[in-house]
Amino acid sequence: MNIGLFGYGKMGRMLEKIGQDRGHTIVAKIDDDTEAIDYDGMDVAIDFSTPNAAFNNITHCFKNRVPVVSGTTGWLRDYEKALQICNAEKGAFIYASNFSLGVNIFFELNRQLAQMMSGLEQYTASLEEIHHIHKLDAPSGTAITLAEGVLEHHPKKDWSLDGKEKGKLPIYAKRDGEVPGTHSVNYTSKEDSITIQHVAHGREGFALGAIVAAEWILGKQGVFSMKDVLNLSN
Ligand SMILES: NC(=O)C1=CN([C@@H]2O[C@H](COP(=O)(O)OP(=O)(O)OC[C@H]3O[C@@H](n4cnc5c(N)ncnc54)[C@H](O)[C@@H]3O)[C@@H](O)[C@H]2O)C=CC1
Ligand SMILES: O=C(O)C1=N[C@H](C(=O)O)C[C@H](O)C1
């Protein structure tokens with residue numbers, strides 16, 4: 001499979017390694033200084049760029065008939081617009097706030113726990129994410145997905161960064177050294193606390209999940225999620 005990488009930073013380099021290990025060819029490494037892009041040689045594009053660059057990268061791929069896997073976070077205000085362009089161009093698209101197998105299992109566990117906790121008003125829910133100091137966006141995309149899973153079964157209607165808005169589910173975002181990504185969901189009462197946590201040990205899991213998604217999307221048309229790729233139950 002010929003892969004075009006959009007964003008050749010920490011994730012781009014890890015994708016190159018894992019992609020080559022799985023027998024694929026990296027035909028383009030597009031970064032902020034790339035002047036011309038040859039879409040014709042790409043079977044699939046994988047975008048791990050920046051919040052400001054992702055929408056343009058993704059939609060240009062749709063217009064050039066290249067399927068897209070995107071893991072870039074912090075651009076989701078434009079997500080619906082991207083889906084419209086994907087559908088109009090009969091393109092193929094997978095976005096995931098986190099491509100690792102472990103986090104996608106954690107997403108399911110989070111939803112199940114949220115359902116069990118619904119109606120137990122003595123517990124106060126909160127989320128915490130810890131990432132490296134280079135991260136541009138806060139809260140993390142993964143924390144937002146986790147918050148959405150909690151809110152499906154919770155009287156609160158929205159989340160708020162660092163608990164700044166009263167009456168909303170707080171997501172505390174911390175930045176520390178080179179931490180690859182740690183996410184916790186906590187329920188606390190006067191009597192006790194329940195915490196579930198996912199700890200990434202590096203970036204390999206994210207990159208492997210994105211390459212598996214790219215292999216899966218070849219030849220397909222439409223908008224998909226990691227649930228489709230991993231065949232996880234609803
Ligand atoms: N969904 C997931 O599983 C994961 C998502 N991420 C997300 O992926 C994104 C990238 O993460 P990192 O590689 O750690 O960041 P990074 O900062 O190391 O790399 C981003 C790269 O994008 C480049 N870039 C800037 N403008 C561009 C443009 N117009 N076109 C192409 N590239 C451009 C930057 O120069 C940089 O090299 C972030 O949004 C991060 O949150 C990171 C890890 C896992
Ligand atoms: O920026 C990162 O590094 C990561 N970003 C993603 C996010 O925002 O959730 C996924 C992972 O936690 C690493």
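First listed ligand is number 1; within each ligand, the first listed atom is number 1.
The option from Pro51, Gly181, Ser97 that lies nearest to atom 6 (C) of ligand 2, judged by heavy atoms, is Ser97. The option from Phe48, Trp75, Phe206 that lies nearest to atom 4 (C) of ligand 1, judged by heavy atoms, is Phe48.
Distances between N or O atoms of Ser100 and those of ligand 1 include no value under 3.5 Å. Distances between N or O atoms of Arg203 and those of ligand 1 include no value under 3.5 Å.
Only the side chain of Asn98 comes within contact range of ligand 2, with a heavy atom under 4.0 Å; no backbone atom does. By the criterion of a heavy-atom distance under 4.0 Å, the backbone of Pro180, and not its side chain, is placed next to ligand 2. Counting heavy atoms closer than 4.0 Å to ligand 2, residue Lys10 contributes nothing at all. When heavy-atom distances to ligand 2 are checked against a 4.0 Å cut-off, His132 comes that close only through its side chain, counted from C-beta outward.
A salt bridge does not link Asp31 to Lys29: none of the charged side-chain nitrogens sits closer than 4.0 Å to a carboxylate oxygen.
Shortest contact from atom 7 (C) of ligand 1 to any protein heavy atom: Gly71 O, 3.4 Å.
Ligand 2 has at least one atom lying under 4.0 Å from a heavy atom of His183.
A search for side-chain hydrogen bond (donor to acceptor under 3.5 Å, both in side chains) contacts involving His201 returns nothing, not counting sequence neighbours.
Lys220 forms a cation-pi arrangement with Trp216, by the criterion of a distance under 6.0 Å to the ring centre and an angle within 45° of the ring axis.
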